[in-house]
Each structure stands twice: as structure tokens, then as C-alpha cells.
S.K.: 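Shown below is the structure under consideration.
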There are 2 protein chains.
Amino acid sequence: MADDNLPGGMSLRPESMLCFDIYATHHAIGQAYQPLLSEVGLTYPQYLVMIVLWDRDGQSVGDLGARLDLASSTLTPLIKRMESQGLLERKRDSSDERKVRVTLTNAGRELKQKASHVPACVARAFGLSMEEFVQLHGMLGKLRASLRNARVTGTA
Amino acid sequence: MADDNLPGGMSLRPESMLCFDIYATHHAIGQAYQPLLSEVGLTYPQYLVMIVLWDRDGQSVGDLGARLDLASSTLTPLIKRMESQGLLERKRDSSDERKVRVTLTNAGRELKQKASHVPACVARAFGLSMEEFVQLHGMLGKLRASLRNARVTGTA
DNA sequence: TGCGATTTAGTCGTGCTCGATATATACAGG
DNA sequence: CCTGTATATATCGAGCACGACTAAATCGCA
């Protein structure tokens, strides 16, 4: 008998499950970034934080969390590690002492140039055509939107 | 000036980068599974291990690692936690004492039924048509294959 | 046979991630 | 002004993930 009555040839074999696809792809992307990023002394999550700050400096911890979908319990230690590496500074917002503004140091800004080869390098390793790239981006966006909606509505 | 000269409108904004897409989708899928899996007392990685074992019992730690792309340093403690929960047993292979065979207990086998609603539940939350589902699966597989190949070849 | 190389798990330290919780600041109504 | 509530960040414990290393078993070949 079939393991489960799932639509359209789905089975419980991990290779054929979308969740496993995403899991494995996430994994593989991390592996692809790791050697490039270790040259500039960043982890992958730290790199994401830098990208957000390079785009706009001086954001609060909450702003970073909203962009990256990370909680303060993740960001606070991560940012502190980056602060101790001299990439950024943390200081309370003078007009709202609850907020912590994160600003890049010179070293943090300079790292943008040192890491400028990374995106193209990885994009090349992806081996996707521009059309596939756009298609994939669109579907993943739709998938996330569905998941966001399902969470609010409840899955039952 | 533009941040980087990347093909086809790519920029460093995280929302438009594919790596961020995968990262965020992985994240969102984890969040979708979490409430369903916590009902049956599993984490997401533990669920993946169970899926592999439900498919074929008695695999070695190395077999599980090959299927899930995880190192022994990740799997050993993870499997030990599952053993202490009574889901499986670890015993050395009598014909090759280096290997550790992981076999399900009755409780572990029974959990398959208790968790049988999970895949359809999540698939529903994905909100993708069957066509999109297949397309996405294909592109992610191609992406992983490219990354695997690039890692061997070297990215420079 | 015996010894070096390979394979297989496991250990350790570091870092990321979460949920639950704590603390401090800001705000709003009386 | 004071008090209760909301917001922003931080802390804590657990689990996951990796690379570097160790230990033990197996294999291969002289």
C-alpha cells in the first residue's frame, strides 16, 4: 500500500518532498557561500546583516529583524559578535531609549568592497538562466506569502 | 552609482536576492512545520530523520547523513536525543563494528500514523498548484546540482 | 602476517535559531 | 502626575549545524 494518500505522486521519501527541497537547497547555498565569506571573515547570517546595513545604515535591531525575519534573541548576540569584530557599533536611540541603532564602522563600510565579488560568484554557481531565476524568485515569494497567510488563518 | 554590476536587475537588497529567497523560505517552512510537529514531539530535523527511517529501517548513521546531507557531528547528538525519547535504538553493526545501525522502536513506527496528517497539511499551506509544485521541485534540484558541480570545480 | 591508509562515529568548541521570559522605556487615560 | 499597557531589546536554555580533531575498526598490500 502507498504510504499516504497525497496528491500527484507525492510520497514521504525526502527527496521528493518540497520541504526537503528547500531544506537541502538552503543547506547547499550555505555551503556555497561559506568559503567566499570566510575569506572576508563573515558567516552567512552576518553577511545578510551587512547587506541590510549597506543598503541603509543606522537601522534599529527591530528593523533588521523585520527585514531578515529574525528575533531579537537571535540578532542581539549576532550583532554583538559583529561589534566585537569592529564592523559596527550599537547605541541607544537618543529620542527613544528603547531602540538600539546599529551603525557601520569604517571597517564595516569598507567590507562592502572586499565582498563585492560574492554575489556574482554565487549567482554564477547557481547555473540558472535569467528566466529561471525570475520564475524561481516568483514562486518562492508566492510560497512564503501562502505560508504567512496560512499561519494567520490556521492550518486546520 | 549602482551597488554592483550584476546581471539583469539583481541588486544587493536582500529581498531581491535568491539566496535570501531560499533562506526566508526555509525559515517560513520551519515555522509552518513547527506547530504540527510539536504536537507529536518532534523537531523538524528529527522529523526528517524519521521520514528516512520510515522509508527504510536499520540504516547506519552514515546512510542517514548521505540522505539528509548532515555530518556525524550533527546526527550523533540528534539521534541520541531521539533514542532517549524512545523513538529508536542505536547498536553497532555486528559485521562491521564501525557502523551504528539505527532501528525504530514500536513507538517510532507508531509515530508514522500519528504524523500522517502533517505532509498534506503543509502541502495545503504551500498554496501552490501541482504544476508550480513540480516546476519548483525541478528548479531547486537543478540549482542544487549546479552548486554541487561548482563546489567541485571551484568558483574562481 | 602485519602495518599503514581509509572508513565510521563520536567529541568539542563556536555560532545560529527559537520560545519563554525579563527589564526598561514610552505612551495613554484618568 | 501616576498607573497600566504596549513596545524594544536582552537573557536564558535547548536544539541544530559546522569544522577540526580523536578513536576504533576495517581494508589493502607488501
S.K.: For a quick check of understanding: with a heavy-atom distance under 4.0 Å over all strands, which category does B/Ser72 fall into, base, sugar-phosphate or nothing?
M.R.: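 Since a base atom lies under 4.0 Å of B/Ser72, the category is base.
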S.K.: Can you check whether any acceptor in the base of C/dA9 is under 3.5 Å from a donor in the side chain of B/Thr76, or vice versa?
M.R.: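 In this structure, the two groups form no donor-acceptor pair.
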S.K.: Check whether any side-chain N or O of B/Thr105 sits under 3.5 Å from a backbone N or O of B/Gly86 as a donor-acceptor pair, and report yes or no.
M.R.: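 Indeed, once roles are kept as given, a pair shorter than 3.5 Å links the two residues.
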S.K.: Scan residues 78-91 of chain B against DNA chain C and write down, sorted by residue number, each residue with any heavy atom closer than 4.0 Å; if none is found, say none.
M.R.: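 Within this stretch, B/Lys80, B/Arg90 sit under 4.0 Å of the strand.
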S.K.: Just how far, in rounded Å, is C1' of D/dC18 from CD1 of A/Ile29?
M.R.: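 These atoms are roughly 17 Å apart.
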S.K.: Taking only N and O in the side chain of A/Gln31, is any of them less than 4.0 Å away from OP1 or OP2 of D/dC18?
M.R.: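 Affirmative; the distance criterion is met.
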S.K.: Rounded to whole Å, how long is the line connecting atom CD of A/Gln34 with atom C1' of D/dG19?
M.R.: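 Rounded to the whole Å, the gap is 8 Å.
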S.K.: When all nucleic acid strands are considered with a 4.0 Å heavy-atom cut-off, which category describes B/Leu70: base, sugar-phosphate, or nothing?
M.R.: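 Touches sugar-phosphate only.
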S.K.: Using atom types as modelled and distance alone, determine if a side-chain donor or acceptor of A/Trp54 lies under 3.5 Å from a backbone N or O of A/Gly108.
M.R.: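 A pair under 3.5 Å: yes.
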S.K.: So, B/Ser129 and B/Glu132: side-chain donor and acceptor under 3.5 Å apart, yes or no?
M.R.: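 Checked: B/Ser129/B/Glu132 side chains pair up, N/O donor to acceptor below 3.5 Å.
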S.K.: Over how many whole Å does the gap from A/Arg92 atom CZ to D/dA8 atom P extend?
M.R.: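 Atom-to-atom, A/Arg92 to D/dA8, this comes out as 12 Å.
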S.K.: Return the CZ to CG distance between B/Arg148 and B/Asp69, rounded to the nearest 0.5 Å.
M.R.: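 Between B/Arg148 CZ and B/Asp69 CG, I get 8.5 Å after rounding to 0.5 Å.
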S.K.: Can you check the A/Asp93 CG to C/dA26 C1' distance for me, whole Å?
M.R.: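 Nearest whole value for this atom pair: 12 Å.
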S.K.: Is a side-chain N or O of A/Ser38 found less than 3.5 angstrom from the main chain of A/Gly41, in a donor-acceptor match?
M.R.: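 Checked: no pair found.
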S.K.: Let me spell it out: for each of B/Tyr44 and A/Pro77, pick the nucleotide of DNA chain D with the closest heavy atom. Which residue's pick is nearer the 5' end?
M.R.: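 Checking each residue's closest nucleotide, the 5'-ward one belongs to A/Pro77.
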S.K.: When you check the phosphate oxygens OP1 and OP2 of D/dA17, does a side-chain N or O of B/Thr74 lie under 4.0 Å from one of them?
M.R.: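 The answer is no; no side-chain N or O of B/Thr74 sits under 4.0 Å from OP1 or OP2.
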S.K.: Which whole-number value in Å describes the distance from B/Asp96 CG to C/dA9 P?
M.R.: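 Computing the B/Asp96:CG to C/dA9:P distance gives 8 Å.
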S.K.: Rounded to whole angstroms, how far apart are OH on B/Tyr33 and P on C/dC18?
M.R.: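 So the OH-P distance, B/Tyr33 to C/dC18, works out to 18 Å.
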S.K.: Please determine whether a side-chain nitrogen or oxygen atom of B/Gln46 lies at a distance below 4.0 Å from atom OP1 or OP2 of D/dC16.
M.R.: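 Yes, B/Gln46 has a side-chain N/O under 4.0 Å of OP1/OP2 on D/dC16.
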S.K.: Indicate, with a heavy-atom threshold strictly under 4.0 Å, whether A/Ser73 touches base, sugar-phosphate, or nothing.
M.R.: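 If one applies the 4.0 Å heavy-atom cut-off, A/Ser73 turns out to touch a base.
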S.K.: Can you check whether any acceptor in the base of C/dT7 is under 3.5 Å from a donor in the side chain of B/Arg98, or vice versa?
M.R.: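 By the distance-only test, yes, there is a pair.
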S.K.: Would you compute the distance between atom CG of A/Leu88 and atom CZ of A/Arg81 and round it to the nearest 0.5 angstrom?
M.R.: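 A/Leu88 atom CG to A/Arg81 atom CZ measures 12.0 Å (nearest 0.5 Å).
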S.K.: Is a donor from one side chain sitting under 3.5 angstrom from an acceptor on the other, for B/Arg101 and B/Ser60?
M.R.: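 Result is no, nothing qualifies.
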S.K.: Does D/dC18 have its OP1 or OP2 closer than 4.0 Å to a side-chain nitrogen or oxygen of A/His27?
M.R.: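 Yes.
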S.K.: Which distance, rounded to the nearest 0.5 Å, do you find between the CG of A/Leu78 and the CG of A/Leu48?
M.R.: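 A/Leu78 atom CG to A/Leu48 atom CG measures 9.5 Å (nearest 0.5 Å).
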S.K.: Tell me the interatomic distance from A/Leu37, atom CG, to C/dC16, atom C1', rounded to whole angstroms.
M.R.: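 In whole Å, C/dC16 C1' lies 15 Å from A/Leu37 CG.
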S.K.: Counting only side-chain nitrogens and oxygens, does A/Tyr47 get under 4.0 Å of the OP1 or OP2 atom of C/dC16?
M.R.: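 For C/dC16, neither OP1 nor OP2 has a side-chain N or O of A/Tyr47 closer than 4.0 Å.
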S.K.: Toward the 5' end of DNA chain D, which comes first, A/Arg101 or B/Ser95, by nearest nucleotide?
M.R.: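 Upstream on the strand: A/Arg101.
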